[in-house]
Structures are given as C-alpha cells and as structure tokens.
Amino acid sequence: MLQTEVRKSPEELDQLLADDFVEIGSSGRLFNKQQIIEGLINETPVHRTLLDFKIKLLAPDVALVTYRVHNHEEQRYSLRSSIWKRNEDRWQMVFHQGTLTAAP
C-alpha cells in the first residue's frame, strides 16, 4: 500500500480494500473505501520508509498490522495500524488508522 504504483492503481486498491473499509485519518476524520481510492490516485508521490513492521494474528483469517512510516519530504513520522481479513482467496484491509508521532 505504500508503493506509488499501487497507490495510483484504482484496480489494485479496489482489490486490497474491503468494500466496508473504514479509515480514521491522522486528522481524526473518517474515510470510506471510495474516498481513500480517490485520494490516493490523486496524491503527489512521496518518499516513505516503513519501520517496525509487525503482524499479530487475531484469528485464523484476521490480522492486526502495525508499523511506523517516515515521510522524508515532510520530515514527519506516523504510527499506523491496520486490520486485514482474508475474504475468500485474498487478504483485504478492513480498517486503518494513522497517527502523527514524534521521531523514534
């Protein structure tokens, strides 16, 4: 989801995000799947680094993913958490939250 080619592809985003996907943005606003797809395909690409990536299986078909992201252009960090669920033959994100944080 952090790769520019994925973020710019409505088809790939549609496959990765569940239809009932919800995000709580760092602003505190709620976003649905369509809002996130539209926002991502129109954003300016940014150089990001993924840090401290962890996966915790909550159930056989549900995983909690946590990680930090360093946005190099804005010199800021965020703490991210996502819930992924296996729907039929693929994993899809059903929830995501990003919180701005101080440098590690």
Side-chain angles (χ1 to χ4, degrees):
M1 292 287 301
L2 292 179
Q3 297 173 346
T4 300
E5 51 275 5
V6 173
R7 295 171 82 85
K8 293 289 183 190
S9 171
E11 296 81 17
E12 286 197 54
L13 293 169
D14 184 57
Q15 293 296 309
L16 288 169
L17 301 176
D19 289 339
D20 59 348
F21 172 81
V22 175
E23 176 173 329
I24 300 173
S26 60
S27 64
R29 291 181 48 210
L30 287 175
F31 298 95
N32 63 29
K33 178 178 180 173
Q34 192 58 40
Q35 291 169 312
I36 291 300
I37 291 174
E38 289 172 9
L40 290 177
I41 63 175
N42 292 312
E43 79 176 355
T44 302
V46 174
H47 178 230
R48 296 177 177 94
T49 301
L50 184 81
L51 308 160
D52 304 325
F53 186 84
K54 296 178 184 153
I55 299 173
K56 180 177 183 174
L57 213 53
L58 302 176
D61 292 330
V62 179
L64 171 64
V65 176
T66 59
Y67 55 98
R68 288 184 175 278
V69 173
H70 177 211
N71 178 323
H72 294 270
E73 276 75 14
E74 297 177 11
Q75 285 303 309
R76 68 180 189 181
Y77 290 82
S78 57
L79 181 60
R80 311 284 182 104
S81 58
S82 303
I83 297 176
W84 290 77
K85 184 173 191 273
R86 188 183 349 236
N87 290 323
E88 297 175 14
D89 61 340
R90 67 177 180 260
W91 285 91
Q92 292 186 304
M93 189 186 302
V94 295
F95 174 81
H96 181 75
Q97 181 169 2
T99 304
L100 295 178
T101 183

* To do: Check step by step if side chain to side chain contact (heavy atoms under 4.5 Å, CB included) holds for V22 and L30.
  => CA-CA 7 Å; V22 175; L30 287 175; 4.0 Å; yes
* Show your reasoning for whether side chain to side chain contact (heavy atoms under 4.5 Å, CB included) applies to T99 and S26. => CA-CA 5 Å; T99 304; S26 60; 5.9 Å; no
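In terms of hydrophobic clustering, with Ile, Leu, Val, Met, Phe, Trp and Tyr side chains grouped at heavy-atom distances under 4.5 Å, I55 and L2 are assigned to a common cluster. Clustering ILVMFWY residues whenever any of their side-chain heavy atoms sit less than 4.5 angstrom apart, transitively, puts L64 in a cluster other than the one holding L79. Hydrophobic clustering (ILVMFWY, side-chain heavy atoms < 4.5 Å, transitive): V69 and F31 are in one cluster. There is no path of hydrophobic side-chain contacts, each under 4.5 Å, that joins M93 to L58. Cluster annotation: V46 is not connected to Y77 through the hydrophobic network of ILVMFWY side chains, with a link wherever side-chain heavy atoms come within less than 4.5 Å.
Interatomic distance, D14 CG to I37 CD1, rounded to the nearest 0.5 Å: 5.0 Å. I36 CD1 to L16 CG: the interatomic distance, rounded to the nearest 0.5 Å, is 13.0 Å. Taken to the nearest 0.5 Å, the OG1 atom of T4 stands 7.5 Å off from the CD atom of E43. Here the CD-CZ distance, from Q35 to F21, works out to 10.5 Å after rounding to the nearest 0.5 Å. For the atom pair CD (E23) and CG (N32), the distance works out to 10.5 Å, reported to the nearest 0.5 Å. Atoms OG1 and NE2, from T49 and H70 in turn, are 6.5 Å apart once rounded to the nearest 0.5 Å.
Taking 4.5 Å as the limit, some side-chain heavy atom of H47 sits within range of a side-chain heavy atom of E73. Considering only heavy atoms from C-beta on, M1 comes within 4.5 Å of L17 through its side chain. Residues V62 and I83 have side chains in contact (heavy-atom distance under 4.5 Å, counting atoms from C-beta outward). In this structure, the side chains of R86 and Q92 stay at 4.5 Å or more apart for every pair of heavy atoms. Between K33 and D19 the shortest side-chain heavy-atom distance falls below 4.5 Å.
Residues meeting the side-chain contact (heavy atoms from CB on, under 4.5 Å) test with D20, sequence neighbours left out: A18, V94.
Residues Q15 and E11 bring no donor and acceptor atom of their side chains to less than 3.5 Å of each other.
The residue from K8, R7, Q3 that alone fulfils the side chain to side chain contact (heavy atoms under 4.5 Å, CB included) condition with E5 is Q3.
For residues 81-104, no pair satisfies ring pair (Phe, Tyr, Trp, His ring centres under 6.0 Å), with sequence neighbours left out.
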